[in-house]
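Okay, so here's the structure we're looking at.
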Amino acid sequence: MQKIIAANWKMFKTRPQAAQTAAELALALRTGTPKGRLAVVFAPFTDIAVVADAVAGVDGLAVGGQNFYPEDQGAFTGEISPAMLRDAGAQWLLTGHSERRHVFGETDALVARKTAYGLEKGFKVMLCVGETLEEREAGRLGEVLGRQLRSALEPLAADARAQLAGNFAIAYEPVWAIGTGRVAGPAEVLDAHAVTRGILAEILGATARELPILYGGSVKPDNAGALVDLDNVDGLLVGGASLEAKSFLQILGA
Ligand code: 13P
């Protein structure tokens, strides 16, 4: 399976800063991405067009939106539609990120609506799942991942399920490892990814084997290689260390 190394810039970078980083990525990747990997940059709304312009024509480097509202248009003050993101140059959408769930109160039901809507509109969707420290310590990893995956995937109609392969990825991001410098250990990542693959198989059958499962949470250039080589780890979703082209490129080639 092609590994996906994704950058989540979160709420960082003005347009000139985004243009600079994107230009550095485009220059470094003009002859292709290392090991045939796919790079995706989830940029803030105002940066998407700037990044898409800077990386146009670079094979293996795609642009995504971090958030959206699942309607085409309408009276939804402050929101942005997938159609607008496509117009700006986004091909990917992120759903279920822990900061959306925990800081902005997105429910499983909204995450499910967004995931289905993004797929229906022809985007590639990356659904994030992950447990809090409290949930992990209470032995609830499987239950939490099961709830997050089932609520988003079980409602999908047969035709949507048939199109998941190639258009859908999961990112396992333990909440306690995001932005904390506390990366999950290899045993924890192996276990969580195997649990995730198993739940996907229960919901989707054979398709589960074709869906990339990325790890995210304090990924850095010095731990990326060991993480990306683990069983069932099909890529990485990188926050802080994706902001500088140099460290993101090191992770991309790790
Ligand atoms: P950090 O890499 O900064 O821990 O962030 C992870 C993340 O939330 C990516 O979506």
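We use all heavy atoms of the structure for the numbers below, so side chains are in, but hydrogens, waters and symmetry mates are not. Bear in mind the structure is a predicted one, so any value in this text is a computation, not a measurement. Each ligand, and each atom within it, is numbered from 1 in the order the structure gives. In this chain, numbering begins with 1 at the start of the sequence shown.
A cation-pi contact, defined as under 6.0 Å to the ring centre and within 45° of the axis, links K114 to F68. In this structure, R113 fails the cation-pi test against Y117, since its NZ or CZ atom is not both closer than 6.0 Å to the six-membered ring centre and inside 45 degrees of the ring normal.
The closest approach between any non-hydrogen atom of A241 and ligand 1 is not below 4.0 Å. Proximity of G217 to ligand 1 is established by a heavy-atom distance of less than 4.0 Å. Contact between K220 and ligand 1 is absent, with no heavy atom of the residue lying under 4.0 Å from the ligand. In this structure, C128 falls outside the shell of residues with a heavy atom less than 4.0 angstrom from ligand 1.
In terms of modelled atom types and a separation under 3.5 Å, the side chain of W9 and the main chain of S242 share a donor-acceptor contact. Of the possible donor and acceptor atoms, one in the side chain of S81 sits under 3.5 Å from a partner among the backbone N and O of D72. At distances below 3.5 Å, at least one donor-acceptor pair connects side-chain atoms of Y215 with backbone N or O atoms of A184. For R161 (side chain) and E154 (main-chain N/O), a donor-acceptor pair under 3.5 Å exists by modelled atom type. With hydrogens and angles ignored, the 3.5 Å screen pairs a side-chain donor or acceptor of S151 with a backbone N or O of Q148.
Protein heavy atom at the shortest distance from atom 9 (C) of ligand 1 is E173 OE2, 2.9 Å. Of all protein heavy atoms, the one closest to atom 4 (O) of ligand 1 is G179 N, 2.6 Å. Nearest to atom 10 (O) of ligand 1 among the protein's heavy atoms is H97 NE2, 2.8 Å. Looking only at protein heavy atoms, the nearest one to atom 2 (O) of ligand 1 is G239 N, 2.9 Å. Taking atom 5 (O) of ligand 1 as the reference point, the nearest protein heavy-atom neighbour is K10 NZ, 3.2 Å. Among protein heavy atoms, the minimum distance from atom 3 (O) of ligand 1 is reached at G240 N, 2.9 Å.
Contact annotation: for A171 versus ligand 1, there are no heavy atoms closer than 4.0 Å. The proximity of N8 to ligand 1, defined as any non-hydrogen pair under 4.0 Å, is limited to the side chain.
The pair E131-R136 meets the salt-bridge criterion, with a side-chain N (NZ, NE, NH1 or NH2) lying under 4.0 Å from an Asp/Glu carboxylate O. Salt-bridge formation is detected for the pair E202/R150: a Lys NZ or Arg NE/NH1/NH2 atom is positioned less than 4.0 Å from an Asp or Glu carboxylate oxygen.
Against a heavy-atom cut-off of under 4.0 Å, A177 is close to the following atoms of ligand 1: 4 (O).
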